[in-house]
Every structure is written in C-alpha cells, then in structure tokens.
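As structure tokens, the structure follows; a few thoughts come after it.
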Amino acid sequence: QVQPVESGGGLVHPGGSLRLSCADAGGGEDLEYYGVGWFRQAPGKEREGVSCISRDGTIYYSESVKGRFTISRDNAKNTVYLQMNSLKPEDTAVYFCAARFPARITTVQDLCVLQQADYWGQGTQVTVSS
C-alpha cells in the first residue's frame with residue numbers, strides 16, 4: 001500500500017514561502033495513479049482541505065489559499081509538491097499529505113472538501129510568525 005510522507009515544513013515570517021513535498025515512503029507505489037491532497041489542522045480547529053490534484057491533473061484550491069499556493073506533480077521523482085507563497089499567520093498548522101485509492105470514484109473537490117482520502121501521512125509543522 002502507499003505510505004505518504006511529508007517534508008519541507010518549518011518556521012517562516014509573514015510574507016515568506018515554503019515548498020512541501022509528498023512522497024511514497026515505501027518507494028513501491030506510483031503516485032501518478034492516485035488522487036493526492038494536502039490538508040491542514042491548526043490548534044483547536046477542525047482539519048480542512050487545502051489543495052488536491054486528481055489522477056488526470058484536475059486541481060482544487062480552497063478559497064483561503066487561491067492565488068498564493070500551487071499544487072503540482074513531478075512524476076519522474078514520484079513526488080507531489082505544495083508551493084506556499086505570501087504566507088500568513090493563519091496558515092500556521094500541521095500539514096498532511098493523503099492519497100485516494102486509484103479505483104475510488106469521486107471528484108477532486110470532494111477529495112478536498114469531504115476529505116475522501118484513504119492513506120494519510122503523519123504531518124509536517126508549518127509555523128508563520130513574526
């Protein structure tokens with residue numbers, strides 16, 4: 001089974017940038033055949049979908065990150081990225097990468113909004129502070 005693992009989190013000032021990476025920890029699964037999403041959970045708040053990309057390349061962004069974040073794939077490296085620019089204090093959260101079973105039929109919007117993912121990473125901390 002696929003084992004998502006995140007990297008790239010850290011501490012940045014408001015207005016700064018980070019790039020998160022999601023890979024298969026086991027190395028035996030090809031992420032290009034999975035829908036993949038980025039989710040986040042801030043202290044005391046519910047987990048929310050941030051950005052997701054389907055197997056065919058359709059992309060969804062939450063309203064709070066549109067114009068600031070970009071999701072992409074590098075299939076040669078078997079990696080999914082989340083480029084985060086113009087970061088704000090309210091972006092502070094643990095960020096999770098998750099994959100959807102290839103045969104599951106659902107929209108990329110539902111993958112993000114309804115969190116219809118099957119395999120979850122352990123998360124990476126992003127802190128935006130002055």
Under 3.5 Å, side chain of [X] to main-chain N/O of [Y], donor-acceptor pair present?
X	Y	answer
Gln115	Arg47	yes
Glu6	Gly123	yes
Asn78	Glu29	yes
Asp24	Pro4	no
Asp91	Ala93	no
Gln109	Val113	no
Thr106	Asp110	no

How long is the straight-line distance from [atom2] of [Y] back to [atom1] of [X], given to the nearest 0.5 Å?
X	Y	atom1	atom2	answer
Phe39	Ser62	CZ	OG	11.0 Å
Ser21	Tyr81	OG	OH	5.0 Å
Tyr95	Cys22	OH	SG	15.0 Å

Quiz prompt | Verify same cluster id: Val50, Val80 (apolar side-chain graph, 4.5 Å) | solution =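 Per the 4.5 Å side-chain linkage, Val50 and Val80 are co-clustered.
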Quiz item: Is there a chain of hydrophobic side chains (I, L, V, M, F, W, Y, each step under 4.5 Å between heavy atoms) that links Val126 to Leu82?
Solution: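 Yes.
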Quiz item: Does a salt bridge link Arg55 with Glu32, judged by any charged N lying under 4.0 Å from a carboxylate O?
Solution: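 Between Glu32 and Arg55 there is no salt bridge, as every charged N stays at least 4.0 Å from the carboxylate O atoms.
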Quiz prompt | Shortest non-hydrogen contact from Glu63 toward Lys66 | solution =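 Looks like OE2-NZ, 2.8 Å.
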Exercise. Report yes or no: is the cationic atom of Arg100 (NZ for Lys, CZ for Arg) closer than 6.0 Å to the six-membered ring centre of Tyr34, at no more than 45° off its axis?
Key: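 Arg100 over Tyr34 ring: no.
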Quiz prompt | Distance-only side-chain donor-acceptor flag, Asp74 / Thr79, under 3.5 Å | solution =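 Note: Asp74 and Thr79 side chains miss the donor-acceptor criterion.
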Quiz item: Regarding Glu90 and Thr92, is there a side-chain donor-to-acceptor distance under 3.5 Å anywhere?
Solution: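 Result is no, nothing qualifies.
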Practice problem: Determine the interplanar angle of the Trp120 and Phe96 rings, folded into 0 to 90°, and report it as parallel if under 30°, tilted if 30 to 60°, perpendicular if over 60°. | Solution: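 Trp120 and Phe96: perpendicular rings.
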